[in-house]
Protein chains: 2
Amino acid sequence: MDTKGRILEAALELYNMQGIRTITTRHIAAHLNMSPGNLHYHFKHTDDIIRALYERLAVAFDLELVQLQQSVTVDMDAILDLSARSFQLVYQYRFIFLHFVEIVWRIPGIGKDYQALTKRRTREFTRIFERLIENGTFRTDLPPSIWPALVKQLFIVADFWLSNNELTGRLHEKKARAAYQKTFYMMFLPFLAAPEKISRAAV
Amino acid sequence: MDTKGRILEAALELYNMQGIRTITTRHIAAHLNMSPGNLHYHFKHTDDIIRALYERLAVAFDLELVQLQQSVTVDMDAILDLSARSFQLVYQYRFIFLHFVEIVWRIPGIGKDYQALTKRRTREFTRIFERLIENGTFRTDLPPSIWPALVKQLFIVADFWLSNNELTGRLHEKKARAAYQKTFYMMFLPFLAAPEKISRAAV
DNA sequence: AAAAAATTAGTACATTTGTTCTAAAATAAT
DNA sequence: ATTATTTTAGAACAAATGTACTAATTTTTT
């Protein structure tokens, strides 16, 4: 019924499969047995479709962030949970992450939005790390500048893990999720005050 | 004189500035005051240009790898040096890294090559880590599976740091290099057996 | 039921792009 | 010097693409 929604769903599916370069509005319309004219009645410009999809991702991300703020306990299990949910989002909207630079160059507004989102995410992670230090979960013998650096590392890996997978492994959903999670697990290990306590569980 | 070389240089410059999506063979030809026909006499297909540029990058990377194999001492200074040279390469051919997935999807041969290169790089880094462990530079209390994980992290950050910078900071060459190097420095810190000895120097 | 508004299909157009073709000009070989 | 080869310019073509236009059809409102 909701034609706009159906267009977005079809676009997401096709973009995820083939990328934004090969998929045109004609392809999306054909996939829905819809005329190109009709599609462009709902989305005047192709970029409007990409923009709308990005906004859906941003909303989902923010929801995740709010949930995180409300969580009471923060330990390594919570972090692993978080990385699983992060994968879910990144995978669902993978065309964005696989073509992020191109998309941002093409639609600068998305870049602005992403920067704002990154700032919010950074604040949240900084808070989490503070708690993990107070907690005794994290080491205290490293210089404090290590924490913003870790945040940056985490973001780069989170945003581009899938791209790397596309270049090397090409693991599919299930295996990819496990590998993604393991990567994050391993990123936190060296920061734990007592790594040997946990290391057996998930390695 | 070497027309092929001039085409590649112009293509590299334009691709780096505007990406492979907006730059066409016509743009490259115009930039050289050359007819499109002439350009296509030297490179029958557009993809041949991208392919040739990738090959230049791959050769440079391999050279770096050979140099690394021959280096006698391996310490943190050597690692920092390496990251500086890595930045040099990544920055010089940045259009490849900024559009890596698209390029690999478009020209599958590049994907195969990159995978082979990654294997060689992995072997080399594994060896370096072994030496750093024997050395006493690296910690020994972490599970051994941490080292391949670290290699993967390093590769993701190396390959996509620039993409992340494009999405967030947009630092230019000089500042970008410093930030890139700092990122890698910070990635190694938590693995050092005695981080406090070095931490003052470069933080 | 009639009128108004919305959605849809299908066509058309201008632009762009990769590539080919032809012929001219420059260069090298004999 | 003449012939052969390589290089170049410029035009031309076909396919693709984003999007606008028009008319028909469906849906909603009154």
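Lettering of chains follows the sequences in order, A, B, ..., and the numbering in each one begins at 1. Scope of the values below: all heavy atoms of this structure, side chains included, with no hydrogens, waters or symmetry mates.
The ring-ring contact (aromatic ring centres under 6.0 Å, His included) pairs that include a residue from residues 121-148 of chain B are B/Phe125-B/Phe155, B/Phe129-B/Phe138, B/Phe129-B/Trp147, B/Phe138-B/Trp147, B/Trp147-B/Phe191, where partners are two or more places apart or lie in different chains. Residue pairs satisfying the salt bridge (Lys or Arg N to Asp or Glu O under 4.0 Å) criterion with at least one member in residues 151-165 of chain A, sequence neighbours excluded, are listed as follows: A/Arg121-A/Asp159. Screening residues 24-64 of chain A for ring-ring contact (aromatic ring centres under 6.0 Å, His included), with sequence neighbours left out, gives no hits.
Between B/Ile7 atom CD1 and D/dA9 atom P there is a gap of 10 Å when expressed in whole angstrom units. Rounded to whole Å, atom P of D/dA20 lies 15 Å from atom CZ of A/Phe43. As a whole-Å value, the separation of B/Ile49 CD1 from C/dT17 C1' is 13 Å. Atom pair A/Lys44:NZ and D/dT19:P shows a separation of 10 Å (rounding to whole Å applied). We find that NE2 of A/His40 is positioned 10 Å from C1' of D/dA20, with the value rounded to whole Å.
Annotation: proximity of residues 15-36 of chain A to DNA chain D (heavy atom, distance under 4.0 Å) is found for A/Thr24, A/Thr25, A/Arg26, numbered in ascending order.
Under the rule for a side-chain hydrogen bond (donor to acceptor under 3.5 Å, both in side chains), B/Asp77 has no partner lying at least two apart in sequence or in another chain. Applying the side-chain hydrogen bond (donor to acceptor under 3.5 Å, both in side chains) rule to A/Glu134 yields no partners; only residues at least two apart in sequence or on another chain are considered.
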Expected list for residues 79-88 of chain A: side-chain donor-acceptor pairs under 3.5 angstrom, two or more places apart:
unit_1  : atom_1 : unit_2   : atom_2 : d
A/Ser83 : OG     : A/Leu80  : O      : 2.9
A/Arg85 : NE     : A/Glu64  : OE2    : 2.4
A/Ser86 : OG     : A/Tyr180 : OH     : 2.8

Which atom pairs, donor and acceptor, lie under 3.5 Å between side-chain atoms of residues 97-111 of chain B and protein residues at least two apart or in another chain?
unit_1   : atom_1 : unit_2   : atom_2 : d
B/Glu102 : OE2    : A/Arg21  : NE     : 3.2
B/Trp105 : NE1    : A/Glu166 : OE2    : 3.3
B/Arg106 : NE     : B/Asp47  : OD1    : 2.9
B/Arg106 : NH2    : B/Asp47  : OD1    : 2.9

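Salt-bridge check for B/Arg139 with B/Asp141: passed, with a basic side-chain N closer than 4.0 Å to an acidic carboxylate O.
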List, with names and distances, any nitrogen or oxygen atoms from the protein found under 3.5 Å away from nitrogen or oxygen atoms belonging to nucleotides 3-7 of chain D.
unit_1 : atom_1 : unit_2  : atom_2 : d
D/dT7  : OP2    : B/Tyr41 : OH     : 2.7

